[in-house]
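In what follows, a single structure is set out as structure tokens and then discussed.
In each ligand, atom 1 is the first atom listed, and ligand 1 is the first ligand listed. Quantities reported herein were computed from a predicted structural model and do not represent experimental measurements.
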Amino acid sequence: MKAHHALVADVISFSWVDGPGNRFVLFLQGCNFNCLACHNPQTIPLQTPRATLYSVEDLLLKIRASMPYISGVTISGGEATMQYEFISELFQAIKTTPDLQHLTTFIDSNGNAPEDVWRSLAPVTDGVMLDLKVLDDEKHFELTGNSNKQVLDSIKFLASINKLFEVRLLLVPSQNDSDEDLISTARFLLAIDTDMRVKINAFMTHGVRATARSWSPANSQDLQRYRDLFLSQGIKNLV
Ligand code: SF4
């Protein structure tokens with residue numbers, strides 16, 4: 001990867017669902033997980049002719065074109081931290097440019113990044129939205145092809161430096177939504193922060209690959225059960 005450039009899968013000028021406020025969102029190409037439930041599997045390979053190479057300067061121009069309608073910039077993926085040096089440069093440029101430095105800088109991550117990556121990003125990152133696929137490592141391996149050890153370490157570390165904005169749970173009926181899964185997840189998160197912000201995302205089948213296409217989407221009863229169970233366990237900051 002060339003310095004000052006990123007492989008980008010997509011750019012969205014305005015989004016209300018990728019962090020607080022209205023945000024410019026950059027989806028970086030490449031992921032270090034291979035989730036069966038991935039809604040954007042085309043973003044997984046790092047090398048693909050569909051990706052576009054952007055410089056920091058290219059993106060600053062695009063961000064300026066979205067102003068004054070945005071309150072911040074979110075970098076998502078794929079897995080954003082696979083190109084963390086670029087994120088660091090882009091966020092550094094935002095934080096040191098007078099007409100841009102009011103914008104908040106957020107990362108949407110699967111959490112599969114070591115502590116030194118988070119340490120390098122922390123000075124220029126306002127918050128991280130982190131996906132926890134499932135707490136049980138065996139299930140995590142089945143669902144993503146990888147261990148969740150680094151994800152759990154990332155949650156703890158980011159919370160300890162006050163950079164964890166929220167933990168996101170994509171709940172998939174019969175895959176990661178048993179009472180045992182939800183209760184153990186709630187206990188794990190509350191042990192780190194009694195006011196942990198948790199966002200529940202309902203699994204849908206659009207965009208997923210063959211295996212997950214046969215799974216049931218999460219319906220309104222499922223969502224109510226998830227909410228009730230988390231609330232009963234003491235998760236107060238539920239979105
Ligand atoms: S971490 Fe996200 S982008 Fe990567 S494979 Fe999983 S769902 Fe897809």
Side-chain angles (χ1 to χ4, degrees), residues 1 6-12 15 17-19 23 25-52 54 73-84 86-87 106-115 117-118 121 125 127-155 157-158 164-177 181 185 189 198-218 226:
M1 182 65 52
L7 271 172
V8 175
D10 202 4
V11 177
I12 295 181
S15 166
V17 295
D18 293 284
R23 312 192 66 78
V25 188
L26 185 63
F27 295 89
L28 298 186
Q29 183 69 36
C31 188
N32 45 23
F33 280 176
N34 187 9
C35 302
L36 295 175
C38 184
H39 289 106
N40 296 300
Q42 70 279 4
T43 65
I44 296 174
L46 190 55
Q47 302 299 335
T48 165
R50 297 161 71 150
T52 309
Y54 281 100
V73 174
T74 294
I75 303 191
S76 183
E79 172 46 30
T81 59
M82 285 180 68
Q83 301 185 60
Y84 72 96
F86 180 84
I87 299 178
F106 277 68
I107 298 170
D108 185 352
S109 170
N110 67 16
N112 193 28
E115 189 176 307
V117 165
W118 295 122
L121 290 168
T125 302
V128 178
M129 294 158 290
L130 196 146
D131 297 331
L132 174 56
K133 311 295 183 187
V134 65
L135 191 67
D136 180 276
D137 202 27
E138 208 170 301
K139 283 189 189 174
H140 195 276
F141 217 98
E142 285 166 16
L143 291 174
T144 72
N146 286 271
S147 166
N148 65 10
K149 185 181 177 314
Q150 201 144 250
V151 179
L152 305 186
D153 287 347
S154 292
I155 292 172
F157 179 68
L158 289 167
L164 184 62
F165 177 69
E166 73 185 10
V167 173
R168 294 180 163 186
L169 309 172
L170 175 68
L171 294 176
V172 189
S174 304
Q175 302 299 320
N176 64 356
D177 76 336
D181 286 328
T185 299
L189 296 176
V198 176
K199 181 173 185 179
I200 297 171
N201 286 326
F203 171 71
M204 301 290 163
T205 53
H206 68 84
V208 300
R209 290 169 290 183
T211 303
R213 220 171 294 141
S214 63
W215 295 348
S216 300
Y226 306 153

Query raised in the report: Which is it for I44 and ligand 1 at heavy atoms under 4.0 Å: side chain, backbone, both or neither?
Result: side chain
Query raised in the report: When rounded to the nearest 0.5 angstrom, what distance separates CD1 in I200 from CG in L171?
Result: 6.0 Å
Query - Check: I44 main-chain N/O paired with N34 side-chain donor or acceptor under 3.5 Å - result: no
Query raised in the report: Between T144 (side chain) and F33 (backbone), is there a donor-acceptor pair under 3.5 Å?
Result: no
**Report entry** G78 backbone acceptor or donor facing N40 side chain under 3.5 Å
**Finding:** no
**Report entry** Nearest option to atom 8 (Fe) of ligand 1, as decided by whichever heavy atom of G145, C38, C31 sits closest
**Finding:** C38
Query raised in the report: In Å, rounded to the nearest 0.5 Å, how long is the span from CG of L36 to CZ of R213?
Result: 12.5 Å
Query raised in the report: Atoms of ligand 1 less than 4.0 Å from N110 heavy atoms?
Result: 1 (S)
Report task. Please state whether K133 comes within less than 4.0 angstrom of ligand 1, counting heavy atoms only. Result -> yes
Query - Closest approach of any protein heavy atom to atom 6 (Fe) of ligand 1, naming residue and atom - result: C35 SG, 2.3 Å
